[in-house]
Amino acid sequence: MKTERQLNMTMKPRVRFAPSPTGPLHIGGVRTALYNFLFAKRNNGSFLLRIEDTDRSRYVEGAEEYIMESLEWCGIRVDEGIREGGGYGPYRQSERKELYGKYAGMLLESGWAYIAFDTAEELDELRRENEKKGEAFIYNAQTRHKLKNSLSLKDDEILKLQEENIPYVIRFKMPEGENIEMNDMIRGRVIVNSSTLDDKVLFKSDGMPTYHLANVVDDHLMEITHVIRGEEWLPSLPLHVMLYKAFGWNVPYFAHLPLLLKPEGKGKLSKRDGDKMGFPVFPLYWPYGDKARGYREDGYFPEAFVNMIALLGWNPGTDKELFTMDELISEFSIDRVGKSGARFDPEKARWFNHQYMQLQPVERIAQDYIILVKDKGFNVDTKKAEMLVEMVRERVSFVNELWDQTDFFFSPPQSYDQSAVKKRWKEGSPRLIRELRSVLEGIDDFTPDHTEPVVKNWIQEKEYGMGAVMNAFRLVVVGALRGPHLFDIIGFLGKGETLNRIDRGLEILG
RNA sequence: GCUCCGUUCGUCUAGUGGUUAGGACGCAAGGUUUUCAUCCUUGUAGCAGGGGUUCGAUUCCCCUACGGAGUACCA
């Protein structure tokens, strides 16, 4: 098996991410794109984005934009693509349509392909019949002579069908009894006997190529050196290898990435899992048709999202878990991609975001926080927003959660938490708080450095209970037993507001 | 059904022919604390099963089980 190291010395890799614009890009797709990107950048190569839209019936408006915006949000930079251009365009398969016919023709000429007139209905019927008998229908050397194609039909029959404009497809003529040997950078050597394979359709009757043809032709024409794609393609690898050989082209290196599995139960991750379990399956909000939530709108930092995704199936071989994109680029290696499917864990995703919440520059979080506060109907200037963010960021994982930690800074308690009152507002509390009020009244500078020692000294001198005073104090200021350090809170509120809240609390709680 | 791929704590994973099988998330307990969190410490839990090979297998081979993918004129 060739290793990456050997390759590095001989070439600058060109890799591609080739999604179909059939809907929002799935988180597994984002990971495939990311690994391609990391591999390319690690080895000073190029990352291309090719849109595979050969099936017009499945084309979804907005999907192309969504794909590009997702990559952009993640910080996955495209070197060549439909937006960026490049020397190997066009990068949208529908715009390369003529090309594929030519290459299919080449295969026809060299005898590696043939044309077939069987209709989809006829084949469906055959499959059904065979299934009833417990057998699988397979269009290959065993059966092709009994079907309607240029191998079984006489020349004049073929001519007649063509004159009548009967639609036909072009199929690959899969050889019989040949061991096809393949190399996968992740799985090593794989051998499959060609007799188990079928004569795949290369060119559809609508004049468009199938994935298999278009993919191989484009990867060759675009000089792709490494094909890094999802494991769902592994079963068609023999076909692709055969196609390269039929064309007489060099076979690129292949790496088939393990799939992303759903958090519990069986199967691969799907949109339904996200809906059911309350986490996004897509990077961005999908606003069309069957709307779907996204990581961006759910408040994830792109860095956290990318970090999490990167570690689902790859690891650096060390205990390090937090990576910037640059660190991922310099440490990424296909050799360290695992073989088995990874189950997606929403809890860990949350943890990653918590880590990044602590690492972000305060300015960036404050910006989002100001918007959040505005949404709640209040205003806060940048300086104060930054103070509040610094005060509570370590307690939360998402910007949205900042509000629940700071709501009481913006308005005095509308009510007092009943169980807290029961627990902390005792008979002596009003007297204590009244006395505390007069102590506070004597302080002008309300910064924690000033208020804290004064209040604590007073508590000690009077031999009051620290808990009794502070909890009751917190109750009148916050309305509940939660929040950051009280002296920080009143430092932010200021003297006037603090005394107001005390008065109000005394009045209502008695 | 057939073909291919895979299997280390619940999850993501490291790792080795002889290790106390390591880390992270989660969970639990304790500590810090004026509250709630955070944070810190400790703990919890794993080599799918059966055969080989070997002085010795979690590690190498085979089988089984389980999981996954593919089996379209979809990608």
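Per chain, numbering begins at 1; letters A, B, ... match sequence-line order.
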Output for pair (A:E65 CD, A:M68 CE), nearest 0.5 Å, gives 4.0 Å

Between the CH2 atom in A:W314 and the CD1 atom in A:I186, the distance rounded to the nearest 0.5 Å is 13.0 Å

With a 3.5 Å cut-off and no angle check, do the side chains of [X] and [Y] form a donor-acceptor pair?
X	Y	result
A:S195	A:N193	yes
A:Y59	A:S94	no
A:R336	A:N315	yes

Side chain of [X] (C-beta onward), nearest among [options]:
X	options	value
A:L312	B:C12, B:C39, B:C5	B:C12
A:S340	B:G6, B:U34, B:A69	B:G6
A:M466	B:U13, B:U34, B:C4	B:U34

Does the gap between the ring centers of A:F446 and A:F492 come in under 6.0 Å? no

### Query
Hey, would you say the A:Y66 and A:Y288 ring centroids sit under 6.0 Å apart?
no

Between [N] and [M], how many Å separate the two [atom1] atoms, rounded to a whole number?
N	M	atom1	result
B:G51	B:G10	C1'	30 Å
B:A21	B:U53	P	26 Å
B:C27	B:U11	P	16 Å
B:U8	B:G49	C1'	15 Å
B:C9	B:U58	P	15 Å
B:G43	B:C25	P	15 Å
B:A48	B:U7	C1'	7 Å
B:A14	B:G31	P	37 Å

The residue, A:V192 or A:E394, whose nearest nucleotide of RNA chain B is more 5′ is A:V192

Paired to B:A48 by Watson-Crick or G-U wobble criteria (both distances under 3.5 Å) is B:U64

Across every strand shown, the nucleotide meeting Watson-Crick or G-U wobble geometry with B:U42 (both distances under 3.5 Å) is B:A28

Q: Salt-bridge test for A:K132 and A:E129: reply yes if a basic N is under 4.0 Å from a carboxylate O, no otherwise.
A: no

Would you call A:E98-A:K102 a salt bridge at under 4.0 Å N-O?
-> no

For the residue pair A:I489 and A:R474, establish whether any side-chain heavy-atom pair is separated by less than 4.5 Å. yes

Sorted by number, residues from residues 470-482 of chain A placing a heavy atom under 4.0 Å from RNA chain B are A:M470, A:N471, A:R474, A:L481, A:R482

Within residues 416-425 of chain A, the residues having a heavy atom closer than 4.0 Å to RNA chain B are none

Run the ring-ring contact (aromatic ring centres under 6.0 Å, His included) test on A:F305 and A:Y295 for me, step by step, so that the C-alpha distance in whole Å, both residues' side-chain angles and the decisive distance to 0.1 Å come before the verdict.
CA-CA 7 Å; A:F305 176 70; A:Y295 279 86; 4.8 Å; yes

Looking at every strand, decide which applies to [X] at a 4.0 Å heavy-atom threshold: base, sugar-phosphate, or nothing.
X	value
A:G467	nothing
A:G313	sugar-phosphate
A:L486	base
A:V190	sugar-phosphate

For residues 17-27 of chain A, the side-chain hydrogen bond (donor to acceptor under 3.5 Å, both in side chains) pairs (sequence neighbours left out) are none

Q: Please evaluate the base of B:U34 for a donor-acceptor partner in the side chain of A:H485 within a cut-off of under 3.5 Å?
A: yes

Quick note, salt bridge (Lys or Arg N to Asp or Glu O under 4.0 Å) partners involving residues 404-421 of chain A, not counting sequence neighbours, are A:D407-A:R482

For A:E232 and A:L259 the tightest heavy-atom approach is OE1-CD1, 3.3 Å

Is there any protein nitrogen or oxygen under 3.5 Å from a nitrogen or oxygen in nucleotides 19-28 of chain B, and what are the pairs?
unit_1	atom_1	unit_2	atom_2	d
B:A24	O4'	A:E321	OE1	3.2
B:A24	O2'	A:E321	OE1	2.5
B:A24	O2'	A:E321	OE2	3.2
B:A24	O2'	A:K348	NZ	2.7
B:A24	N3	A:K348	NZ	3.4
B:C25	OP1	A:W351	NE1	3.3

For this session: Using the ring of A:Y35 (Phe, Tyr or Trp, six-membered ring only), decide whether A:R31 places NZ or CZ under 6.0 Å from its centre and within 45 degrees of its axis.
Result: yes

Nucleotide by nucleotide, nucleotides 70-75 of chain B touches protein heavy atoms under 4.0 Å in the pattern (B base, S sugar-phosphate only, - none) S-SBBB

